[in-house]
Amino acid sequence: MDERYNFRESERKWQTYWTDQGAFSTETASDKPKCYVLEMFPYPSGRIHMGHVRNYTLGDVIARFRRAQGFNVLHPMGWDAFGLPAENAAIQNGVHPAKWTRENIRTMKEQFQPLGLSIDWSREVATCEPEYYRHEQKMFLDFLKAGLAYRKTSMVNWDPVEHTVLANEQVIDGKGWRSGEPVERRELAQWFLKITAFADDLLKALETLTEWPDRVRVMQHNWIGRSEGARVWFDIVGREDKLEVFTTRPDTLFGASFCAISMNHPLAKEQAEKDPALRDFIAACNAVGTSEAAIETAEKMGYRTAFSVRHPFDPSWELPVYVANFVLMEYGTGAIFGCPAHDQRDMDFARKYDLPVKAVVAPADADVEAFAKTLEAGNEAFSGDGLAIRSDFMNGLAVTEAKRAAIERLESLSRGRGTVQFRLRDWGVSRQRYWGCPIPVIHCPHCGVVPVPEDQLPVRLPEDVSFDTPGNPLANHPTWKNVTCPVCGKPAQRETDTFDTFFESSWYFARFCDPKNDTEAFNRAAVDYWLPVDQYIGGIEHAVLHLLYSRFFTRALQSCGYLGMAEPFKGLFTQGMVCHETYRTEGGAWLYPAEVDKTGDGAIEIASGKPVTLGRSEKMSKSKKNTVDPGHIIETYGADAARLFMLSDSPPDRDLEWTESGIDGAWRYIQRLWRLAAQPAVPFLEAGALSGVALEGSAKETVAMAHRTIAAVTEDLAKLRFNTAVAKLRELSNQLAATKASDKGAPEAYRFGLETLIRLIAPMTPHIAEEVWQATGHGTPLTATDWPLADPAWLVVETVTLAVQVNGKLRGTIEAAVGADAKELEAQALALPTVQSNLGGRAPKKVIVVPNKIVNIVG
RNA sequence: GCCCGCUUGAUGGAAUUGGUAGACAUAACGGACUUAAAAUCCGUAGCCCGGGAACGGGCGUGCCGGUUCGACUCCGGCAGCGGGCACCA
């Protein structure tokens, strides 16, 4: 064997070998158990980044590990190829989105190649191709038939200069990112998918997703936001109609002092028509963006309308109606009643507009009059539990009972009813953008909305478009949108909106099961076999939207007969971000790590020699220039070192800090692994099998540790604890180096230990593992070698060390046989001199013995 | 504003049903090898106090409090940092 390991040569060699052998192609007919390993597919931005390297390395380890364990593994890759950045590139650089995207896919695929991922590339898909998106057009038509898709108006961010709808991320401080002009909120007719039809099921089924991180389940739980409450109908003074309000606190109705409606509420619109001051007020509110954060943090503002309403329990009691900027048309009924004493937002509003504050709940043990007086004088609302006061028929009831009583009374008076409300809103899928899947409908002046007949699918996205005029290029296209109505044959227009790109990512995992099917989205038998995905891996940023939409989509597809299950992802893992220290010049400009020299005392800018300020570690981003190029890293250290560093130290669900010394350390370990074979402490190459060989001393310990490591690493990999798996493999390496050639059986033990190490590390650093495996005389590659199994006989522990504590403080240890009798252990512990001196001659009051663990003596 | 997560040596982290805190690394220091350096190998190390040393004692997992024979781990409160909030993907 060569003295040094040449990673460039070896990595290329094995990648070529795997490709030539088709080592990672999925078996279509197999009696092995299946395992579907999927990483969230990338957006083809042009270059891979370290976040990709981490994501795909994590998945690759699992895929290789499961394959070695005898599973038929599906590990595919594709491209989430529609989206806004392609259009931005078109506007900025004049490149067509299609060309830009396809070129990016090609370069990124090239960049993935040297990582040595065990991907079945024959299943590659790109969502921007008609072969892919035609199927989702069909799905949409099926959803339409099933009543799962419908049209209604909703709010968007509108840039008055660009004549475009802006994404929330394109709104900066309330202004359009390119135009710099204040953004308006506008209502637009759009397509929606009825995710709320599954709200209860999506919520309940979270409990069944036991292999998901708790925090993702909690986030989805909160997102769906089920709350029980009541709809209350307030009579409007001087009118026949009623104001419908949703509340979770009907028990506080006697504390009401106003009602507030959204500015998009029909009543608000009605008044705005003849009230310029209200129009101005609404315009001011519209200057705030559409995001929840923007609305919640904006100052609470209201406008007193001409309307008043009557209290449901006392028609002589009139309440003023305000238009308020914190009431959302999308939630509940777009109207609330305000009880300032028991809701902080209402309290703030009441103080601002000088409205009454009346306490109607007090803690059970409080002095009611004093409590109410303080509450009504202060600015802090009381939202805690308590008993109803000054509330007529509810007096003395606890909050829960009072709610029930209020609802009963409302129902008997026909002034309201109990109801369940979800925070979850229907999914708006229309986007006024070019680079997306066309929505397959036609607007006919005579027939209304007409679905494109299925035999006319796909509705192809035209490529001859111009980005010179503001607005959606599809709407500006001279001919594309003009068609004849499929029903009446008269001139009609195509829908020019395209789908939200979450549409494509909501079913791609199913397409991978049968990616070349051109007659249907996927074959039923194929998805029945492969789905659900056994292990899905991606960023926590997708915790809610992508994952919730996919869960909904699977249910919707199920109800349209596409597949037979509700949950697409059995196991979910959310990895942390890749971070790096940041650097700035004295002038405050960001610097790339490569532009900074840190070898001296302080950091200096290489080009100028001037000092550099070190900033904290943050997620790698182009804007802060704290990025490291994966291609450069692989070129310098090799894919195995990069992969190993990604897996060492940081638990995969936490943020990983990229450091020079970290990748250096990984590189050194790769070299060390080679030396363990090329320059071994024990000459082992001539050694045969271990069976029947007598083992002593370090040789025996090496074999024992090898078996322990098999057991531990197998468990760690199954639970994605890669960092501890690496630590245990390093321990085994240290033990190999410490094996003494003079101990009986050392050559056989060393060979066994080394081969075990190589087989266990192979999923993480596959290239060097193959190289060492081959060099030690194996003809079959590791990709075709079974996962090692630990011999239980070697895992049996005979003696243990027990901690001995006096009053909870460690005072010594004792050695004892496993399962030793408690009395014996107690005697042994009490015999320790340190124990005696710490007891100071007193007899112990109590002795706690936990067999095999600890003896605690209470003195 | 609401929701979620994180906080352990100089640094990343380990300790996974409450039972010896600091595994494994990184950086550092000392030594070996070398003309020298790199690489490699061996060794030291949570902090404080006492001791020549073996060793002994105290403190210690963001902060305050609680439960327990025993708490990084469970409970209550607080602080700091980070993330998400429906048209970025």
Side-chain angles (χ1 to χ4, degrees), chain A residues 4 40-43 45 80 82-85 88 156-157 165-171 190 213-216 218-219 221-223 225 290-298 300 326 330 344-345 423-433 500-502 505 538-546 548-549 576-577 579 616 618-619 648-651 653-657 659-662 664-666 668-669 671-672 675 679 719 721 723-724 726-731 733-734 737 801-813 834 837 845-848 850 852-858:
Chain A
R4 280 173 76 86
M40 291 181 184
F41 66 164
Y43 178 78
S45 57
D80 191 10
F82 275 137
L84 208 46
N88 293 336
V156 293
N157 296 307
V165 175
L166 297 179
N168 279 336
E169 71 154 14
Q170 295 173 321
V171 180
Q190 315 209 52
D214 286 341
R215 61 172 168 152
V216 173
V218 169
M219 283 164 89
H221 186 272
N222 293 335
W223 189 262
T290 55
S291 76
E292 189 185 319
I295 292 164
E296 293 270 344
T297 48
K300 310 287 170 280
F326 59 87
E330 287 82 13
Q344 192 57 47
R345 222 166 30 178
R423 199 186 84 100
L424 181 69
R425 309 200 294 253
D426 277 336
W427 173 18
V429 292
S430 298
R431 296 291 181 270
Q432 296 69 40
R433 310 205 187 286
D500 176 6
T501 56
F502 277 124
S505 57
I540 185 72
E541 65 272 21
H542 293 290
V544 177
L545 294 184
H546 162 58
L548 191 62
Y549 290 152
M577 300 181 298
C579 299
R616 66 181 184 81
E618 293 184 63
K619 179 184 180 176
S648 318
D649 293 354
S650 296
D653 55 343
R654 280 214 226 158
D655 289 352
L656 175 142
E657 180 160 3
T659 58
E660 265 310 285
S661 57
D664 264 345
R668 280 202 302 269
Y669 181 73
Q671 295 297 328
R672 182 167 187 229
R675 283 196 306 275
Q679 301 152 51
K719 292 183 176 167
R721 293 187 303 224
N723 56 322
T724 54
V726 170
K728 282 159 196 161
L729 290 171
R730 283 182 181 268
E731 276 184 280
S733 311
N734 293 342
T801 309
L802 286 87
V804 178
Q805 299 181 334
V806 177
N807 294 326
K809 285 199 170 107
L810 185 72
R811 296 299 173 189
T813 57
T834 48
S837 67
K845 283 185 194 146
K846 192 177 172 188
V847 180
I848 291 120
V850 183
N852 305 329
K853 292 252 165 99
I854 200 163
V855 180
N856 190 10
I857 296 152
V858 185

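If you're wondering where the values come from, they're calculated on a predicted model, not measured in any experiment. Every chain is numbered from 1, with letters handed out A, B, ... down the list of sequences.
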Scan [X] against the nucleic acid and name what it touches under 4.0 Å (heavy atoms): base, sugar-phosphate only, or nothing.
| X | answer |
| --- | --- |
| Thr801(A) | base |
| Phe502(A) | base |
| Val850(A) | base |
| Pro42(A) | nothing |
| Ser430(A) | base |
| Gln432(A) | base |

Check: Hey, is the side chain of Asn222(A) poking within less than 4.0 Å of OP1 or OP2 on C2(B), counting only N and O atoms?
Finding: no
Next item on the list: Please name the pair of heavy atoms, one in Leu656(A) and one in Ser650(A), separated by the smallest distance, quoted to 0.1 Å.
Entry: CA-OG, 3.8 Å
Notebook entry, point to check: Where do Arg423(A) and Asn222(A) come nearest, in terms of heavy atoms and distance?
Noted result: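 Minimum heavy-atom contact is NE-O, 3.5 Å.
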Margin query: Parallel, tilted or perpendicular, judged at 30° and 60°: which one describes the rings of Phe502(A) and His546(A)?
Written below: parallel
Notebook entry, point to check: If you measure from the C1' atom in U17(B) to the same atom in A53(B), how many Å do you get, rounded?
Noted result: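 Each nucleotide's C1' atom is 44 Å from the other's.
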Notebook entry, point to check: How far, in whole Å, is U16(B) from G22(B) if one measures between their P atoms?
Noted result: 13 Å
Donor-acceptor pair under 3.5 Å: do we get one between [X]'s side chain and the base of [N]?
| X | N | answer |
| --- | --- | --- |
| Asp649(A) | G13(B) | no |
| Gln679(A) | C41(B) | no |
| Asn856(A) | C69(B) | yes |
| Arg433(A) | C87(B) | yes |

Without decimals, in angstroms, what is the distance between [X] [atom1] and [N] [atom2]?
| X | N | atom1 | atom2 | value |
| --- | --- | --- | --- | --- |
| Lys719(A) | U17(B) | NZ | P | 9 Å |
| Arg721(A) | A23(B) | CZ | C1' | 14 Å |
| Gln671(A) | A38(B) | CD | C1' | 14 Å |
| Asp500(A) | C88(B) | CG | P | 9 Å |
| Tyr669(A) | A39(B) | OH | C1' | 18 Å |
| Trp223(A) | A86(B) | CH2 | C1' | 4 Å |

Checklist line | Flag side-chain contact, heavy atom, 4.5 Å: Met577(A) against Glu618(A) | finding: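 No, too far: nothing below the 4.5 Å cut-off.
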Closest listed nucleotide, where the reference is the side chain of [X] and the choices are [options]:
| X | options | answer |
| --- | --- | --- |
| Leu84(A) | A89(B), C4(B), A27(B) | A89(B) |
| Ile848(A) | A25(B), A14(B), G19(B) | G19(B) |
| Gln805(A) | U16(B), A15(B), G19(B) | G19(B) |
| Met219(A) | U20(B), A25(B), C4(B) | C4(B) |
| Ala727(A) | U26(B), A23(B), C88(B) | A23(B) |

Note to self: For a stem of at least 3 consecutive Watson-Crick or G-U pairs with distances under 3.5 Å, i pairing with j, i+1 with j-1 and so on, which stems involve RNA chain B?
What the structure shows: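 For RNA chain B the paired stretches long enough to count as stems (3 pairs minimum) are B:1-7 with B:79-85, B:10-12 with B:24-26, B:28-32 with B:40-44, B:46-50 with B:55-59, B:62-66 with B:74-78.
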Check: If we ignore angles and hydrogens, is there a donor and acceptor under 3.5 Å between the side chains of Ser733(A) and Tyr669(A)?
Finding: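 Note: Ser733(A) and Tyr669(A) side chains meet the donor-acceptor criterion.
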Notebook entry, point to check: Is there a donor in the side chain of Arg672(A) and an acceptor in the side chain of Asn734(A), or the other way round, less than 3.5 Å apart?
Noted result: yes
Checklist line | Most 5' of Glu618(A) and Trp427(A) on RNA chain B, judged by nearest nucleotide | finding: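 Residue closer to the 5' terminus by nearest nucleotide: Glu618(A).
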